[in-house]
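Worksheet: one structure, shown below.
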Amino acid sequence: MGLVEFATSPWGQTVPIHISFFLMWVAAIGGLAFLVGHAVWVQFIAKKEGHVEPVAPEVAAKIPEKVARHSLAARLFHWIMSVAMFALLITAFLPKLGYEFPWVTYHWIAGLVLTVSIVYHIIHASFWLDFWSIWPDSIDLEDAKRRWLRATGKAADAPRKFAKYPMENKMYHAVIVLAGLAVTVTGLFMMKRVRTPLFTRNPYVFGDMTWGLMYVLHGLAGVGLIALIMAHIYFALRPEKFAITKSMVFGSISREHYLEHHDPERWTATK
């Protein structure tokens, strides 16, 4: 069984039409295997890491009891995007499992909600937030190497404390951006093939080969999101990450968590 299914067009051309949907199970099982593997690694194999010396008392005294991490606007975006992504996955894959319902309408509505939320987030992050704070820098890359060496029992300098976002958050963000943009852009074009109040249906705007490749990319991004969302939920529920999860609900982290994990010189604490 191949990864992509093909068909013959009316003109005799062999074109891709969509991914093979066993990849849905590959993504789910692969995601589960990663979660189990990571939990075993952290619990039984990885060496404990250490940070640099504690923050100076005079600096720690200036840190507020609650450190603002996510604004209300950022939190609303996160939860709206989450609902939209879950709706997209449910409407995309439940019909493949035999559950029949008018999924196309719900799917494109959820897709539009996701698209609007992403556009809003790009604008919000570009003009009201520190746009580059979520992207890895040279310090993150150097410290990631240090953490890996120390986790595998090799000698290395102690990694420094994080800026606002830990390296794993930044890497996950980069991957989810690629998958999210792929599924969103292709999905918007694919709306030209269905009847909606927003677009005039025109399935001939692209040729069969282009449509086929678009469906394949859309499907690959979709199954990729299954594993990505599984990983996101797993890390959100891990005890050492739960303070970050709570900040996405309440907007802040405690002074103690900030001082233990974050560098005041890389992320200035505010109320």
Side-chain angles (χ1 to χ4, degrees), residues 3 18-42 69-70 74-99 101 103-104 106-122 124-125 134-136 165-188 190 215-250:
L3 300 180
H18 53 68
I19 63 170
S20 295
F21 282 96
F22 79 89
L23 291 177
M24 173 180 65
W25 296 110
V26 172
I29 295 171
L32 182 60
F34 169 78
L35 307 190
V36 174
H38 182 271
V40 171
W41 166 264
V42 172
R69 182 175 173 84
H70 298 294
R75 283 176 279 153
L76 288 174
F77 155 74
H78 177 271
W79 294 112
I80 290 172
M81 180 190 67
S82 300
V83 171
M85 280 198 171
F86 273 111
L88 284 168
L89 292 180
I90 289 170
T91 54
F93 294 113
L94 276 188
K96 298 299 177 182
L97 298 176
Y99 296 93
F101 59 96
W103 65 271
V104 174
Y106 299 130
H107 193 72
W108 68 255
I109 291 174
L112 284 182
V113 173
L114 178 64
T115 302
V116 171
S117 69
I118 290 175
V119 171
Y120 161 79
H121 179 62
I122 293 172
H124 184 234
I134 193 61
W135 300 100
Y165 299 102
M167 178 62 172
E168 54 266 33
N169 288 61
K170 295 183 177 184
M171 295 303 297
Y172 181 87
H173 175 265
V175 175
I176 203 75
V177 162
L178 293 176
L181 288 178
V183 78
T184 300
V185 173
T186 54
L188 286 174
M190 287 160 62
Y215 272 77
V216 168
L217 179 57
H218 191 79
L220 290 174
V223 296
L225 285 171
I226 294 175
L228 287 170
I229 290 174
M230 290 175 65
H232 185 64
I233 295 172
Y234 163 76
F235 282 111
L237 296 177
R238 283 198 61 86
E240 69 273 17
K241 304 295 184 184
F242 200 63
I244 296 177
T245 303
K246 290 195 296 185
S247 73
M248 190 53 75
V249 177
F250 301 106

Checklist entry - Using 30° and 60° as the class limits, which term best fits the ring planes of His121 and His173: parallel, tilted or perpendicular? => result perpendicular
Item to check | Approximate separation, where rounding is to 0.5 Å, of Ile244 CD1 and Arg238 CZ | outcome: 12.5 Å
Next on the checklist: Can you give me the closest heavy-atom contact between Arg69 and Ser247, atom names plus distance?
Outcome noted: CD-OG, 3.1 Å
Item to check | Intermediate values then yes/no, side chain to side chain contact (heavy atoms under 4.5 Å, CB included), Leu89 and Leu94 | outcome: CA-CA 8 Å; Leu89 292 180; Leu94 276 188; over 6 Å; no
Item to check | Side chain proximity check, Tyr165 to Met171, heavy atoms < 4.5 angstrom | outcome: no
Checklist entry - Considering only heavy atoms from C-beta outward, does the side chain of Val26 approach that of Val223 to under 4.5 Å? => result no
Item to check | Geometric class of the Phe21/Phe93 ring pair [parallel <30°, tilted 30-60°, perpendicular >60°] | outcome: perpendicular
Next on the checklist: Between Trp79 and Met248 (side chain of the first, backbone of the second, donor and acceptor by atom type, cut-off under 3.5 Å), is there such a pair?
Outcome noted: yes
Checklist entry - Taking all atoms of both residues into account, what is the closest heavy-atom pair of Tyr172 and Ile229, and its distance? => result OH-N, 4.0 Å
Next on the checklist: Thr115 vs Val185, test: side chain to side chain contact (heavy atoms under 4.5 Å, CB included). Steps then yes/no.
Outcome noted: CA-CA 8 Å; Thr115 302; Val185 173; over 6 Å; no
Checklist outcome for this item: Of all heavy-atom pairs linking Ala84 and Val113, the shortest is CB-CG1, 4.0 Å
Next on the checklist: Would you compute the distance between atom CG of Leu114 and atom CD1 of Ile109 and round it to the nearest 0.5 angstrom?
Outcome noted: 14.0 Å
Next on the checklist: If you compare all heavy atoms of Thr91 against all heavy atoms of Trp103, which two are closest, and at what distance to 0.1 Å?
Outcome noted: O-CE3, 3.3 Å
Checklist entry - With side chains defined as the heavy atoms from C-beta onward, is the minimum distance between Leu88 and Val183 less than 4.5 Å? => result no
Checklist outcome for this item: Closest non-hydrogen contact found for His107 with Ala92 is CE1-CB, 3.6 Å
Next on the checklist: Under the criterion side chain to side chain contact (heavy atoms under 4.5 Å, CB included), I'd like the reasoning laid out for Val216 against His18: C-alpha separation, chi angles, the key distance, then a yes or no.
Outcome noted: CA-CA 5 Å; Val216 168; His18 53 68; 5.6 Å; no
Item to check | Pair Tyr234 and His38, ring centroids less than 6.0 Å apart | outcome: yes
Checklist entry - Can you tell me how far CG of Leu3 sits from CZ of Phe22, rounded to the nearest 0.5 angstrom? => result 5.0 Å
Checklist entry - Taking all atoms of both residues into account, what is the closest heavy-atom pair of Arg75 and Val249, and its distance? => result NH1-O, 3.0 Å
